[in-house]
Amino acid sequence: MTDMTSLLIVGGDNIESLKEKLSAHGFDEVLHVSGRKTNMVRTGIPVHIDLVLVLTDFVNHNLSAIVKKRANEQSVPICFAKRSWSSIYREVEKQFVKSV
């Protein structure tokens, strides 16, 4: 994954192991917001983000819809996955293959 270097994860609490795995697969920067605070709804996606990953196990439908809308407004690819590594890897790979 040479083209995508920064990823924003929305949802979850302890994601250090996911950050390590994503870094090993080519993401230089992995940012995380838990989505628990309402401020997340008000803030936008940082401009340098190449991909947004929403962990569906940890966010409500409303937050998912808002993040999706913001990603689309900023033309940032977005994917939705459960917290399992296999689910995350599959969805991130789909986005990467689409963008090549």
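The basis for the numbers below is simple: all heavy atoms, side chains too, and nothing from hydrogens, waters or symmetry mates. The structure presented is a predicted model; accordingly, all values stated were derived computationally and were not measured.
- The side-chain heavy atoms of Leu22 and Ile9, taken from C-beta on, include a pair separated by under 4.5 Å.
- Using a 4.5 Å cut-off on side-chain heavy atoms (C-beta onward), Leu18 and Arg83 make contact.
- Here Phe80 pairs with Val54, Thr56, Ser64, Lys68, Ile78 under the side-chain contact (heavy atoms from CB on, under 4.5 Å) rule; sequence neighbours left out.
- Smallest separation of non-hydrogen atoms from Leu8 and Pro46: CD2-CD, 4.3 Å.
- No donor-acceptor pair under 3.5 Å is formed between the side chain of His25 and the backbone N or O of Glu20.
- Taken to the nearest 0.5 Å, the CD atom of Glu91 stands 11.5 Å off from the CG atom of Leu55.
- Taking every heavy atom of both residues into account, Lys82 and Ile88 meet most closely at O-CG1, 3.4 Å.
- Asp50 and Thr5 share a donor-acceptor pair across their side chains, judged by distance under 3.5 Å alone.
- Considering all non-hydrogen atoms of both residues, Ser34 and Asp13 come closest at CB-OD1, 4.1 Å.
- Between the NZ atom in Lys19 and the CG atom in Leu31 there is a gap of 7.5 Å [rounded to 0.5 Å].
- In this structure the side chain of Cys79 reaches within 4.5 angstrom of the side chain of Val92, judged on heavy atoms.
- Annotation: side chain to side chain donor-acceptor pair (under 3.5 Å) contacts of Asn60 (sequence neighbours excluded): none.
- To the nearest 0.5 Å, atom CD of residue Glu73 and atom CZ of residue Arg70 are 6.5 Å apart.
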